[in-house]
*Asks:* 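Before anything else, here's the structure in question.
Side chains included, hydrogens not; waters and symmetry mates left out as well; all remaining heavy atoms used.
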Amino acid sequence: MAIEPELRWTPARPNAMVVACSDGRLQEATDAFLVREFKITRYDRFYVPGGGGALASSGTDPVRAQQMCAECKYLVDLHAVRRVILLFHGPSASGRIEAACADYRRKLPWANLAQLRAQQEADAVDLLKRRREWASDAGVMLYRCEVDAAGQLAFVNLDPDSALGSERPMRGVRS
């Protein structure tokens, strides 16, 4: 058995959890974004196909969304998570459909680029309204990692009411 001398388990839990797509092409960019924007280096990870979109009941598989919400809530409660960062990904408005999240392509195979982006934005609004169902009392922040036509990445805030996500009370949404 190989022992990693510099790595140790610690009983202290991170206070943030990231829900992101399991697409490995985005992992380094996700880590860099979290460090740059939030100074987060240790966080719980809930990586599933679709990322934040896996919690949304859009498309043809609402049972999967209910199961993903239950799993997310379980982890938030078990680890006393105080902040959940939901990440979606897909093409920018000028990007290419090939950059779309495979889970959204599965859920909405007929959708074009504009329709996929609009559905992710609608899902983000819906998830914010229902955040107690999957995030308990944790603050919630939503972003989309957008890929432009040249392959450049940008993380865009999907919370229409806050520059910081929903850690502050949101207008028009009851808790």
*Asks:* Any heavy-atom pair between the side chains of N157 and M141 that's under 4.5 Å?
*Replies:*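 They are not in side-chain contact.
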
*Asks:* May I ask you to decide whether R106 forms a salt bridge with D103, counting only side-chain N to carboxylate O separations under 4.0 Å?
*Replies:*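 Counted as a salt bridge, because a side-chain N and a carboxylate O are separated by less than 4.0 Å.
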
*Asks:* Any side-chain heavy-atom pair from R131 and V84 closer than 4.5 angstrom?
*Replies:*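 Result no, sub-4.5 Å side-chain heavy-atom pair not found.
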
*Asks:* For the residue pair F33 and Y143, does the interplanar ring angle fall in the parallel (under 30°), tilted (30 to 60°) or perpendicular (over 60°) class?
*Replies:*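 F33 vs Y143 ring planes: perpendicular.
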
*Asks:* Given the rule in the side chain to side chain contact (heavy atoms under 4.5 Å, CB included) test, do L86 and W134 qualify, once you have shown the distances and angles that lead to the verdict?
*Replies:* CA-CA 11 Å; L86 287 188; W134 52 269; 3.4 Å; yes

*Asks:* Around atom CZ of R25, are there more than 12 heavy atoms of other residues, nucleotides or ligands at under 6.0 Å?
*Replies:*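 12 or below, so no.
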
*Asks:* According to a 4.5 Å side-chain heavy-atom criterion applied to Ile, Leu, Val, Met, Phe, Trp and Tyr, with indirect links allowed, do L113 and V156 form part of one hydrophobic cluster?
*Replies:*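 Different hydrophobic clusters.
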
*Asks:* Checking Q27 against D31 for the side-chain hydrogen bond (donor to acceptor under 3.5 Å, both in side chains) test, could you report, in this order, the C-alpha distance in whole Å, the side-chain angles of both residues, the deciding distance, and whether it holds?
*Replies:* CA-CA 6 Å; Q27 300 312 307; D31 288 341; over 6 Å; no

*Asks:* Taking everything shown except E98 itself, do over 12 heavy atoms lie less than 6.0 Å from its CD?
*Replies:*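 Counting other residues, nucleotides and ligands, CD of E98 exceeds 12 neighbours.
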
*Asks:* Check for a donor-acceptor pair, side chain of Q120 on one end and backbone N or O of H89 on the other, with a separation under 3.5 Å.
*Replies:*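 Present.
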
*Asks:* Is there a side-chain contact between V81 and L75 (heavy atoms, below 4.5 Å)?
*Replies:*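 V81 does not reach L75 side chain to side chain.
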
*Asks:* Between T30 and L34, is there a side-chain heavy-atom distance shorter than 4.5 Å?
*Replies:*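 Yes, close enough: below the 4.5 Å cut-off.
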
*Asks:* Would you say the ring centers of F38 and Y43 fall short of 6.0 Å from each other?
*Replies:*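 No, they do not, as the ring centres are separated by 6.0 Å or more.
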
*Asks:* Of all heavy-atom pairs between R96 and P91, which one has the smallest distance, and what is that distance?
*Replies:*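 For R96 and P91, the tightest heavy-atom pair comes out as O-CB, 3.3 Å.
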
*Asks:* Could you check whether any side-chain N or O of R105 sits under 3.5 Å from a backbone N or O of P109, counting only pairs where one atom can act as donor and the other as acceptor?
*Replies:*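 Judged by distance alone, no pair lies under 3.5 Å.
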
*Asks:* Let me check something: do L158 and L128 share a hydrophobic cluster, defined by ILVMFWY side-chain heavy atoms less than 4.5 Å apart, either directly or through other members?
*Replies:*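 Both belong to a single hydrophobic cluster.
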
*Asks:* Can you name the closest pair of heavy atoms from I97 and N112 and give their distance?
*Replies:*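 What the structure gives for the nearest pair is CD1-C, 3.9 Å.
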
